Amino acid sequence: MARSKPVYDFKTIEKKWNKYWLDNKLYKAIDFDKRPKYYVLVEFPYPSAAGLHMGHCRNYTAFDAYARYFRMKGYNVLYPMGWDAFGLPLYNYAIKVGKDPHDASEENIRNFKKQLIKLGGSFDWDREINTTDPEYYKWTQWIFVQFYNHWYDPEYPRKDGGKGKARHIDELPIPEEVKKKGPKAIKDYQDKFRLAYKAKMPVFYCPSCKMGVANEEVEADGTHERCHNPVEVRELEQWMLRITAYADRLIEDLDLVDYSESIKQAQINWIGRKYGALVNFKIDGTDDVLEVYTTRPDTIFGVTFVVVAPDSEFVSKYQDKFAEPEKVKAYVKEALVKQATESMDRSKSGVFTGMYAIHPITKEKVPIYIADFVVSDYGTGAVMGVPAHDQRDYEFAKEHNLPIKWVVKPRDGEWNEDKAYESRDGVVINSDFLNGLGVKEAIQKAIEYFTEHKIGKMHKAYHLRDWVFSRQHYWGEPTPMVYCEKCGWNPVPVDELPVKLPRLSDYRMAEDGTSPLQRAEEWKKTTCPVCGGPAERETDVMPNWAGSNWYYLRYLDPHNKEKLVDYNKAEYWMPVDLYDGGAEHNTMHLLYSRFVYKFLYDIGVVPVPEPYQRRITHGLVLGPDGKKMSKSRGNVINPDEVVDQFGADVVRTYVMFMGPHDATLPWSDEAMMGVKRFLDRIWVYASSAIDSGFNIRGVEKENQELKIDLNELAKKVGDDISKVKFNTAIAKIMEFFNKYEKIPPSRENLEILLKILAPFAPFITEELWHRIGNKESIHITRWPEYDPGLAKQKEVEVVVQVNGKVRGKVPVRPGADQEEVLKKALEDEKIRRYIEDGYRKVVYVQDKVLNIVT
RNA sequence: GCCGGGGUGGCGGAAUUGGCAGACGCGUCGGACUUAAAAUCCGAUGGCCUUUUGGCCGUGCGGGUUCGAGUCCCGCCCCCGGCACCA
């Protein structure tokens with residue numbers, strides 16, 4: 001890129017004002033201030049590399065402009081910053097550079113912070129947080145202990161009028177027969193209800209990362225989201241969080257927030273609630289029942305077989321009774337691997353067990369199959385096969401020569417027997433007491449019948465599963481739990497938190513995939529909080545999400561030693577007014593953090609039911625070649641370099657100008673140069689006005705026009721910023737400036753222009769503001785007030801159409817009526833030419849358009 | 001397959017929600033300044049026709065509603081993101 005002497009010395013200017021702003025704590029957010037509060041939050045960065053990337057740069061400067069605007073509008077703005085530094089990426093980075101992750105993260109953070117300051121970020125640094133700081137993760141651990149100490153009562157009335165609340169485990173009713181068996185039995189009973197519980201269960205395990213992986217982190221093709229290597233299924237003892245208890249509230253409370261429809265949909269789909277029924281099929285030759293889940297109980301008379309998941313309880317319990325146990329065993333083994341890895345296989349494979357289930361109504365015997373299309377963790381892990389009305393069942397029946405019974409027919413005419421009839425518009429047939437009913441009515445009636453005859457009941461099923469909350473590596477919050485041979489698992493007493501992550505001489509994973517904490521004998525050894533005997537600490541750490549789920553609350557009270565957050569401060573600041581983040585976090589992070597928040601709400605830590613009032617998604621910045629920036633492609637634009645070369649104001653204004661905030665856009669050096677030219681011209685314009693002492697003799701009239709347009713500009717730019725439309729806000733300033741660049745401004749008008757530009761280019765506007773002679777910072781002045789009287793002084797142009805085609809324009813005062821506009825239009829020779837033969841009709845839209853129809 | 005979001009100049013993108021399509025920026029072309037170049041400034045820039053005045057065509061494709069459609073309705077095509085054997 002060609003270089004020339006800069007028009008102004010941005011380096012000196014930026015350094016000077018940054019120092020001034022920091023020294024004076026200009027952007028301090030004040031608790032309990034009288035002004036209305038405004039909480040702007042952008043997802044905090046993960047410092048897994050040495051410096052910021054352009055995407056960070058874009059998001060943080062865009063909302064910096066947003067925060068600056070709201071401050072100028074008179075709000076007490078909280079725009080905080082912190083660091084999400086636990087987790088695997090940083091752990092891997094530390095190993096790569098051969099440093100203890102404590103030190104590696106500290107170094108990265110130092111640089112991130114330096115860069116953010118350089119960019120002019122108006123953060124309140126007194127509220128800086130870091131998830132790896134023991135003073136911070138003390139509270140991450142505290143939350144975990146609270147989860148452990150609570151259970152969910154779905155019927156408990158909440159103070160907000162809703163139903164369902166987390167209650168202390170001591171309030172859990174214990175059945176008499178359990179009580180009789182003593183304290184051990186009571187604890188075992190309680191453990192089944194805790195919101196944090198340990199479960200031995202099949203979980204995904206990534207052999208490459210050497211860690212357990214949450215279901216949600218596994219891609220559709222069976223690979224790990226982070227490293228894209230295939231995962232395996234393993235049995236591991238894991239801490240789990242019972243998010244499913246909050247599923248209904250997480251759906252219902254979406255009514256309280258202003259997320260876009262697509263984000264709400266993403267949340268709803270992820271939870272995946274479906275209403276259906278449980279139906280009991282007796283297992284022939286036993287006293288057991290097989291419980292199946294169905295969303296179509298109306299087709300109960302169409303059942304011709306039953307299918308269970310390969311890893312269901314049924315399989316392990318009855319494997320000795322199967323007709324061909326060896327064949328079944330082989331199939332199950334194969335099916336489990338297939339289920340965990342490739343889910344795309346559409347062949348309807350399955351194996352007959354040799355056992356039969358008894359239809360709960362007709363008492364017919366139907367065969368029981370094992371098939372990999374049934375998954376154990378949805379519904380009951382068993383389904384009823386209705387080949388006539390489910391395409392997948394249809395294919396399975398064809399494959400295994402099973403009968404097909406038609407029990408629903410289309411309202412008008414015949415059906416096609418080559419495929420299942422899945423429509424819900426049909427009428428039920430061949431179904432005893434359901435005959436003649438529509439599908440909806442039949443579903444209702446069937447469930448009533450099941451309930452009455454005790455063969456089934458209504459049931460909700462969720463796609464959402466409980467959350468695996470253990471990670472088998474080093475760089476995370478230690479799980480504050482202790483195991484004692486005598487007393488089992490118990491939480492570390494709250495007054496002993498935090499359980500600090502120890503510094504180790506070797507912080508790397510062992511060859512066998514075990515965590516270094518398992519080797520930290522000194523650290524592991526502790527005493528049981530219940531009996532005082534010897535005990536061992538949990539060596540699994542928490543997932544990366546643990547610290548990032550609630551961080552926005554700590555900004556409100558970052559130095560509180562007694563509490564996670566002072567209730568009154570939370571009451572003042574919550575909810576977050578605007579939360580910006582990546583699209584990839586619209587499901588998991590958003591849902592999990594809402595869940596954690598709702599739990600904190602239940603236990604009285606926070607005042608309002610939802611944490612984020614409005615959610616905005618940001619796009620990525622691609623390389624100049626339109627591809628994702630990466631070192632291997634060599635298309636990385638380093639923020640530090642461009643800021644050094646062109647100044648923070650140019651980079652800031654450009655990243656906001658490049659396109660809509662939620663769009664993924666390619667970087668363009670050339671387009672950035674356009675912004676640089678614009679700011680250079682502003683500098684020259686303002687400087688020469690200042691140097692000439694605002695001599696506007698002879699241009700008073702133009703200055704009045706300028707003032708009228710400026711009045712409108714301030715409003716439009718402000719509206720655009722509120723709507724997160726930074727690109728058009730800047731375009732409007734450019735448009736204005738193109739029009740008036742030749743008119744020397746009055747001091748008043750120049751000051752207004754600088755204020756409008758200040759959120760985008762805080763450094764040069766501050767410098768020019770002071771050169772004018774102002775003593776206070778421009779960033780704490782008030783945004784120009786809109787004057788509707790001034791707006792009225794401006795003429796408007798009404799477009800004149802003939803038969804819908806534009807044929808001319810007439811200038812009129814705003815609010816002119818049809819008669820006046822028409823008269824003026826008819827005076828126009830060019831327009832008259834098109835209506836020589838007269839006209840039939842006139843349509844007028846005030847101040848906009850006049851359409852003459854001939 | 002399902003859910004969500006889109007398709008507008010050479011490029012990134014604008015269009016008070018039914019009212020001048022292409023704001024703003026880039027690029028390109030022409031000009032000024034310069035020995036020359038860069039930088040800067042001025043002008044032009046959707047396509048086609050026309051000497052000019054001007055005319056016609058244009059927002060993925062095909063229909064429709066309307067005085068008027070990028071925007072609304074019906075039927076297609078394509079692209080991006082998320083989820084997917086969910087019973």
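Keep in mind the model is a prediction, meaning the values are calculated, not measured. Every chain is numbered from 1 and lettered A, B, ... according to where its sequence line falls, protein lines coming before strand lines.
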When you measure from the side-chain N and O atoms of [X] to the phosphate of [N], is any distance below 4.0 Å, counting only OP1 and OP2?
| X | N | answer |
| --- | --- | --- |
| K742(A) | C42(B) | yes |
| R677(A) | U40(B) | yes |
| R807(A) | C67(B) | no |
| N727(A) | A14(B) | yes |
| K841(A) | G68(B) | no |
| R392(A) | C86(B) | yes |

In terms of side-chain heavy atoms of [X], which of [options] is nearest?
| X | options | result |
| --- | --- | --- |
| V845(A) | G19(B), C26(B), C67(B) | G19(B) |
| T728(A) | A15(B), C67(B), C26(B) | A15(B) |
| Y834(A) | C26(B), G12(B), G55(B) | G55(B) |
| H463(A) | A84(B), G13(B), A23(B) | A84(B) |
| D372(A) | G55(B), C20(B), C85(B) | C85(B) |
| Y378(A) | C85(B), C86(B), A14(B) | C86(B) |

Determine the contact category for [X]: base if any of its heavy atoms lies under 4.0 Å from a base atom, sugar-phosphate if only primed atoms, P, OP1 or OP2 are that close, otherwise nothing.
| X | result |
| --- | --- |
| N738(A) | sugar-phosphate |
| V383(A) | base |
| T294(A) | sugar-phosphate |
| K725(A) | sugar-phosphate |
| A671(A) | sugar-phosphate |
| K809(A) | base |
| R840(A) | nothing |
| P660(A) | sugar-phosphate |
| V806(A) | sugar-phosphate |
| Q801(A) | base |

[N] and [M]: how far apart are their [atom1] atoms, nearest whole angstrom?
| N | M | atom1 | value |
| --- | --- | --- | --- |
| C33(B) | C42(B) | P | 15 Å |
| U8(B) | G58(B) | C1' | 10 Å |
| A21(B) | C26(B) | P | 25 Å |
| C2(B) | C11(B) | P | 33 Å |
| U45(B) | A23(B) | C1' | 15 Å |
| C72(B) | G5(B) | P | 12 Å |
| U71(B) | G62(B) | P | 13 Å |
| U40(B) | G25(B) | P | 14 Å |

Would you kindly give the [atom1]-to-[atom2] distance between [X] and [N], to the nearest whole Å?
| X | N | atom1 | atom2 | value |
| --- | --- | --- | --- | --- |
| W667(A) | G27(B) | CH2 | P | 15 Å |
| D720(A) | G13(B) | CG | P | 17 Å |
| E797(A) | C20(B) | CD | C1' | 9 Å |

- Query: Less than 3.5 Å between a donor and an acceptor, one on the side chain of E670(A) and one on the base of G25(B), is that the case here?
  - Reply: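 Check fails, no donor-acceptor contact within cut-off.
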- Message: Whether the side chain of K848(A) and the base of C20(B) hold a donor-acceptor pair under 3.5 Å is what I'd like checked.
- Response: no
Protein N or O to nucleotides 3-9 of chain B N or O, pairs below 3.5 Å:
from, atom 1, to, atom 2, distance (Å)
C3(B), O2', N269(A), ND2, 3.2

- Message: Any carboxylate oxygen within less than 4.0 angstrom of a Lys/Arg side-chain nitrogen, looking at D298(A) and K440(A)?
- Response: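 Here D298(A) does not pair with K440(A) in a salt bridge, since their nearest N and O are not under 4.0 Å apart.
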Side-chain donor/acceptor of [X] to backbone N/O of [Y], under 3.5 Å:
| X | Y | answer |
| --- | --- | --- |
| Y844(A) | E819(A) | no |
| H389(A) | V408(A) | yes |
| H400(A) | S349(A) | no |
| T728(A) | A731(A) | no |

- Hey, does E735(A) have a side-chain heavy atom less than 4.5 Å from the side chain of K739(A)? no
- Student check: side-chain heavy atoms of F737(A) and F678(A) closer than 4.5 Å: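 The answer is yes, as the side chains (C-beta and beyond) meet within the 4.5 Å cut-off.
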- Item | Pairing residues for V849(A) by the side chain to side chain contact (heavy atoms under 4.5 Å, CB included) criterion, not counting sequence neighbours | V799(A), Q801(A), V845(A)
- Please determine if K676(A) forms a cation-pi arrangement with F646(A), meaning its NZ or CZ atom is less than 6.0 Å from the six-membered ring centre and no more than 45° off the ring axis. no
- Tell me which of P666(A) and M384(A) sits closer to the 5' end of RNA chain B, going by the nucleotide each one is nearest to. P666(A)
- Y293(A) or A663(A), whichever maps to the more 5' nucleotide of RNA chain B: A663(A)
- Query: Could you go step by step and tell me if L850(A) and V842(A) meet the side chain to side chain contact (heavy atoms under 4.5 Å, CB included) rule?
  - Reply: CA-CA 7 Å; L850(A) 181 84; V842(A) 175; 3.6 Å; yes
- Pairing nucleotide - C41(B), Watson-Crick or G-U, each distance under 3.5 Å: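 The base-pairing partner of C41(B), which may sit in any strand shown, is G31(B).
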- Task: Pull up the glycosidic torsion of G82(B) and say syn or anti, syn being anything within 90° of 0.
- Result: anti
